[in-house]
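Letters A, B, ... are given to chains in the order of the sequence lines, protein chains preceding strands, and every chain is numbered from 1.
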There are 2 protein chains.
Amino acid sequence: MEKQKRTTIYDIAKKLNLNASSVSRALSGNSNVSETTKALILKTAKELNYRQNSMASNLRKGENQTIGIVVPRINQNFFANAIAGIEEVTYQKGYNLIICQSNESAEREIKCIDTLINQHVSCIILSTSADFEDNSHLKSLAEHDIKLIQFDRVDETLDTYKVLSGNEEAAFEAVSHLIEQGYKRIALLEGPQNLSIFRERKAGYLAALKKNGFPVIKELIRENAWTRELGAIATENLLALPEPPDAIFASTSDFAALGVLDVAQSKGINVPQQLGICGFSNEDFTEITQPSITTIDQFSKEIGKSIANLYFQKIKKGTVADLIKVVNIKPKLVVRNSTLKNG
Amino acid sequence: MEKQKRTTIYDIAKKLNLNASSVSRALSGNSNVSETTKALILKTAKELNYRQNSMASNLRKGENQTIGIVVPRINQNFFANAIAGIEEVTYQKGYNLIICQSNESAEREIKCIDTLINQHVSCIILSTSADFEDNSHLKSLAEHDIKLIQFDRVDETLDTYKVLSGNEEAAFEAVSHLIEQGYKRIALLEGPQNLSIFRERKAGYLAALKKNGFPVIKELIRENAWTRELGAIATENLLALPEPPDAIFASTSDFAALGVLDVAQSKGINVPQQLGICGFSNEDFTEITQPSITTIDQFSKEIGKSIANLYFQKIKKGTVADLIKVVNIKPKLVVRNSTLKNG
DNA sequence: TTGTACGCGTTATCAG
DNA sequence: CTGATAACGCGTACAA
């Protein structure tokens, strides 16, 4: 019942009457080893079921090939897909991923970052929590020589690489589409304005109104309506107005759009004829609802890949600081039935 | 532009004219250090922004506090929640998680396992891919002193700890519910029979029929109908029978149930009056569809927690082999509109 | 081409 | 209670 000892380079060196360093060289493949001994080493390594001890290797090399990810939720489609995209690249490079959820809490986010610092990860990929305010926990990363890549929900004031989708542009397109379809009073559900993505989406909304000569009606703009429940409440209020909207752009998320649909259905309001609905993010369920929900696809998996490539191609080498540190992945409007007033 | 050197226990020892070992002791908290020096050490550790190097620590201690997870897909609710449950426990213990997706491919699964072996993780938590057949890659884990916990989709022949939900029981309950509601011809969509969970669910279906004196009608049982598309195809075929079913139990997944609903709606068949539908897993969207879908909640987050607790409470210590190695988390039938024939 | 020797940052085991 | 020292497994500059 004694502890299994894993085979090390010493074990295989001993067996071959060689030195451990030769084994190390042969295994890493870079340096000069004679073909014959190399073959011999590889063969017995396989026989002895050798696996490199990454802890020792990383310790020696001074870097652990691990990347930490911090996202609000792992089980939202946008993030799950982004992670899948990241994994696809890092997997090939032999890097590991440590995944943390902040659960939309800044406090928990700080803890996650702290854990990752303790793990001495090479890089942290972050999308901030909803109540993000203070960024001091991020500033400290530099002292620990940990790279930071922000995506989607970013702190703009921080000078890091960022991977974003064109939020303003997408919102502009969505609202323009609503206008084209003949909607006249378009409401906006907006998210916490401390997050730049939500400010940008609002800007896109405003720009589209302006371009088409529509007035900005303050009572049609609702703050902090970014969950299913909050979206529903906001919708109740909007529909109770003397002049209710004939379309609602849930710029915050598809979940909010779902809340809108809930209320519309409970009130027997016809979507899209009496009320147009547009969401954001292209969650899977938007295709399933009755009617299906128009939304914006952010190519989340592409975003993930971009992030990982950014790290390997630019940041890791990290000698010259780039001037352009922002990558934009252009999103796409996905038109579905919830806004098709004119078939 | 030179590389930041992280502070080590030597740095803080030097500053205090102490020995590194004292610092180590103070930091780990276990051993005997005088209160005063301990306080002093902790204080300057904080000042110097010290973080333990886990690579070095783990190397020295001979175990890396990391657990690997291999699941078919990270973005299915069941798995995402299970992972969240695992994380909740491991996070507190200071353990890290490495997450891999097999994408339902045995080949990829083997690669994932291999990567995790290379990482020398302490434990692997696995739910097998759909085309799982050979288990030799799992047998080799013991040689590397890596514990294995299987959950949900398990290889029964392997003598490991397993965390399961009562699949047979749940299927029995679901079919009994359909019978109670007055459905007479209940079809079954079943999954790949190489996976035990699907065999168990089928057994539950058969048992419920038997108990209620219903005949087993072979043509109502459809193999490999376990995605939305395959579920739809199977439904097309079922509905084309001379005597079509009046209820379909999509034992494989809610996705298959969704495929059933697709077809019913395209054919103008009333659910639940003309056709009852029951899924499996309680994916979020089952609540959103029209009508909402009756399904089975497996308490996936609980399953995750159980797995992690199993590791820390029993397996890690790992001296005495347990006789009972299977933990069952009892699932629950969630009745929704798709089966409520009698309101 | 191969061997020697050292250090990565910790912790465990001895002494003192 | 504290200090010195070895060892975890690997990679690499240097010497042979």
Derivation and outcome, side chain to side chain donor-acceptor pair (under 3.5 Å), residues B/Thr37 and B/Ser34: CA-CA 6 Å; B/Thr37 53; B/Ser34 81; 2.8 Å; yes

Sole candidate of A/Ile125, A/Ile315, A/Ile113, A/Leu126 that passes side chain to side chain contact (heavy atoms under 4.5 Å, CB included) when paired with A/Leu148: A/Leu126

Neighbours of DNA chain D within residues 44-56 of chain A, by heavy-atom distance under 4.0 Å: A/Tyr50, A/Gln52, A/Asn53, A/Ala56

Length of the CD1-C1' vector between A/Ile9 and C/dG3, whole Å: 13 Å

A/Arg108 charged N/C atom sitting above B/Tyr91 aromatic ring, 6.0 Å / 45°: yes

Side-chain (B/Gln150) to main-chain (B/Lys162) donor-acceptor, under 3.5 angstrom: no

Gap between atoms CG and P, on A/Leu16 and C/dT1 respectively (whole Å): 18 Å

Any donor-acceptor N/O pair, A/His120 side chain to B/Gln52 backbone, under 3.5 Å: yes

Closest listed nucleotide, where the reference is the side chain of B/Thr8 and the choices are D/dT2, C/dT10, D/dC10: C/dT10

Rounded distance in Å - NE2 (B/His144) to C1' (D/dG9): 16 Å

Distance in Å, B/Glu109 CD paired with B/Cys100 SG, rounded so as to fall on 0.5 Å steps: 10.5 Å

B/Leu18 side-chain proximity, nearest of D/dG3, D/dC10, C/dG9: D/dG3

Sugar-phosphate, base or nothing in reach of A/Ser21, heavy atoms under 4.0 Å: base

Nearest-Å distance for atom pair NZ/P, residues A/Lys14 and D/dG9: 11 Å

Touch class at under 4.0 angstrom, heavy-atom based, for A/Ser57 against every strand present: sugar-phosphate

Touch class at under 4.0 angstrom, heavy-atom based, for B/Ser24 against every strand present: base

Donor/acceptor link under 3.5 angstrom from B/Arg60 side chain onto base of C/dT10: no

Closest to side chain of A/Leu59, choosing from D/dG11, C/dT2, C/dC8: C/dC8

For atom NZ of B/Lys61 and atom P of C/dA12, their distance in whole Å: 7 Å

Pair B/Tyr161-B/Tyr311, ring pair (Phe, Tyr, Trp, His ring centres under 6.0 Å): steps then yes or no: CA-CA 9 Å; B/Tyr161 279 91; B/Tyr311 176 72; 10.0 Å; no

Nearest-Å distance for atom pair CD/C1', residues B/Gln65 and D/dC8: 15 Å

Interatomic distance, A/Asn64 CG vs D/dC10 P [rounded to whole Å]: 17 Å

Integer-rounded Å distance: C/dT1 C1' and A/Asn19 CG: 12 Å

Selection from C/dT1, D/dG3, D/dC10 that lies nearest to any side-chain heavy atom of B/Arg25: D/dG3

